[in-house]
Amino acid sequence: MKSSAKPVRVRIAPSPTGNLHVGTARAALFNYLFAKHNDGTFVVRIEDTDTGRSTKEFEKNILDGLHWLGIDWDEGPELQGTRYLGNHGPYRQTGRREIYKKYLVQLLNEGKVFACFCEKNKEERKESSPRHAADLHSCPDRDHAYTLAGSRPFVIRYKNSEFLEYYARKQETIKHPAELGVAVDRAIYQGALIQFNDIVRDKLEYPQGHLMDFIIAKSLHEPLYNFAVVVDDHEMKITHVIRGEDHIPNTPKQILLIEALGFSRPEYAHLPLILGPDRSKLSKRHGATSVDEYQGQGYLPEALFNFTALLGWNPGGEQEIFPKSELIKLFSLEKVQKGGAIFDTKKLDWMNGEYIRKKSIDELASLCIPFLEHAGTANPGEHVRNPECLKKIMALEQPRLKKLSEIGERTDYFFKEPEYDRELLKWKTMSEEEMAGTFDTLIHILSDVTLPQSKEKLEERFLLEIGTGDKGRILWPLRVALSGEKFSPGPFEILEILGREQALRRVNRAREIYMQKV
Ligand code: GLU
């Protein structure tokens with residue numbers, strides 16, 4: 001069902017003040033899926049007006065991360081240069097200052113906002129937050145008509161018709177700034193309510209007076225977020241605002257500005273918070289929080305895309321693995337959950353493994369090479385230098401691998417000769433004589449066997465030699481001699497890849513180590 005008669009236009013508006021966070025990626029993904037589901041348009045807009053904290057590097061990280069995830073935008077900034085796609089640009093707020101100024105002047109002239117020249121505004125300040133004592137401010141300039149009086153600096157405040165009443169009650173009641181608080185505020189004055197519908201959370205309301213005469217711009221050239229976002233969403237014809245629920249407190253302010261400007265209200269959908277396994281808001285404490293960290297750990301973009309789509313949304317049923325096209329087909333905002341979404345790394349690992357198993361061996365090999373290089377196995381020995389060997393290693397690891405970054409550690413014994421733990425070479429309670437016999441047998445078979453040879457044939461040959469006795473006597477020392485590891489794939493799989501010469505070298509070396517008297 002199409003959720004709007006107007007063509008759907010949605011956006012994400014990341015601030016380039018940090019790397020692409022999984023929360024932003026989730027918001028981007030839900031907007032993307034919603035747009036694609038409705039044949040709509042997905043816009044990326046860079047909110048870079050906080051010039052002190054915004055950087056080009058962060059912007060690049062965010063855009064690169066979205067591209068890597070496969071969340072491509074229909075309109076927005078290009079990765080390089082200043083050209084943009086689409087005709088609702090510029091798509092960076094720093095390029096839109098004249099547009100904001102035009103609307104600020106309009107509101108000042110209409111007396112819907114006012115220039116506040118108060119002393120305390122000279123210092124740089126953030127948008128007012130109703131809980132902040134410093135913002136309980138009744139400005140003597142609020143009824144003055146707008147004139148650019150001299151060159152004194154001013155901030156621009158929204159002229160809230162409910163504010164004076166609320167302020168008067170507050171003055172009567174509060175004895176100490178600590179008493180400013182949502183519960184106290186509601187008890188002393190409720191007044192007119194700003195009501196809005198949220199597709200995820202249904203009806204929401206907020207007492208208008210509590211927003212006070214909030215600041216909308218630090219000057220005519222420095223609009224703050226709540227103002228800029230309203231202007232941009234209007235100019236870019238955004239129909240649905242889909243973003244994290246941490247923005248719910250901003251929505252009433254934005255609605256007041258939308259009304260002051262005579263714009264039409266978009267639909268809202270606030271997405272549930274992303275939580276760590278302990279149910280507190282996801283943070284660095286829980287592990288990686290930025291998309292590039294997941295990329296660096298060897299998660300596949302398809303897996304992270306699928307996993308992220310299920311962070312707070314589920315089409316119902318048991319299915320967890322959904323290709324992109326199916327996600328687009330199934331996505332609906334109505335099925336977004338209200339409660340927090342747990343970021344379960346174990347599930348992500350499982351899902352990544354599933355996607356790794358979907359790769360062809362060639363694809364997996366080329367995906368793994370950078371990780372092998374990183375792990376220091378960039379110059380593999382002669383025996384695995386050939387691509388056929390690499391493919392065999394990939395085939396061996398594909399069923400078990402969860403993250404590409406594990407590949408180096410899991411397979412380094414193929415690339416460099418192992419260090420041996422003498423005790424590990426020994427099977428159960430074998431004596432030194434028995435071990436010496438085992439090494440002799442191994443060397444005898446390996447010298448005799450034709451290689452390359454399939455692992456089935458190799459196994460047959462070894463079992464013939466071992467006869468009916470305890471197979472571990474031969475196979476355990478062989479496996480450890482080949483891999484040096486306590487856990488590894490079976491000896492014949494390793495042998496098939498290493499080849500005879502390398503295998504013999506390792507078995508001889510293992511024997512030498514074992515026979516050294518301790
Ligand atoms: N710059 C805001 C953020 O990154 C955008 C919020 C919005 O979507 O309105 O959270």
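When a ligand or atom number is given, it counts from 1 through the structure's own listing order. Side chains are part of it too, since the values below use all heavy atoms of this structure and drop only hydrogens, waters and symmetry mates.
A side-chain donor-acceptor contact under 3.5 Å links Glu235 and Tyr103.
With sequence neighbours excluded, the residues satisfying side chain to side chain donor-acceptor pair (under 3.5 Å) with Asp292 are Asn61, Ser290.
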Anything under 3.5 Å between an N or O on ligand 1 and a protein N or O? List each pair with its distance, or write none.
{"unit_1": "ligand 1", "atom_1": "1 (N)", "unit_2": "Ala13", "atom_2": "O", "d": "2.7"}
{"unit_1": "ligand 1", "atom_1": "1 (N)", "unit_2": "Ser15", "atom_2": "OG", "d": "3.0"}
{"unit_1": "ligand 1", "atom_1": "1 (N)", "unit_2": "Glu47", "atom_2": "OE1", "d": "2.6"}
{"unit_1": "ligand 1", "atom_1": "4 (O)", "unit_2": "Ala13", "atom_2": "O", "d": "3.4"}
{"unit_1": "ligand 1", "atom_1": "8 (O)", "unit_2": "Arg11", "atom_2": "NH1", "d": "2.7"}
{"unit_1": "ligand 1", "atom_1": "8 (O)", "unit_2": "Arg11", "atom_2": "NH2", "d": "3.4"}
{"unit_1": "ligand 1", "atom_1": "9 (O)", "unit_2": "Arg11", "atom_2": "NH2", "d": "2.9"}
{"unit_1": "ligand 1", "atom_1": "9 (O)", "unit_2": "Tyr225", "atom_2": "OH", "d": "2.7"}
{"unit_1": "ligand 1", "atom_1": "9 (O)", "unit_2": "Arg243", "atom_2": "NH1", "d": "2.8"}
{"unit_1": "ligand 1", "atom_1": "10 (O)", "unit_2": "His247", "atom_2": "NE2", "d": "2.8"}

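Classification of Lys391 and Asp362 as a salt-bridged pair holds, one side-chain N sitting under 4.0 Å from a carboxylate O. Using a 4.0 Å cut-off between charged nitrogen and carboxylate oxygen, Asp74 and Arg9 do not count as a salt-bridge pair. Ionic pairing of Lys358 and Glu302 is not present here: no N-O contact between side-chain nitrogen and carboxylate oxygen is shorter than 4.0 angstrom.
Counted within 6.0 Å of NZ on Lys203, heavy atoms from surrounding residues, nucleotides or ligands total 12 or fewer; the atom is thus considered open.
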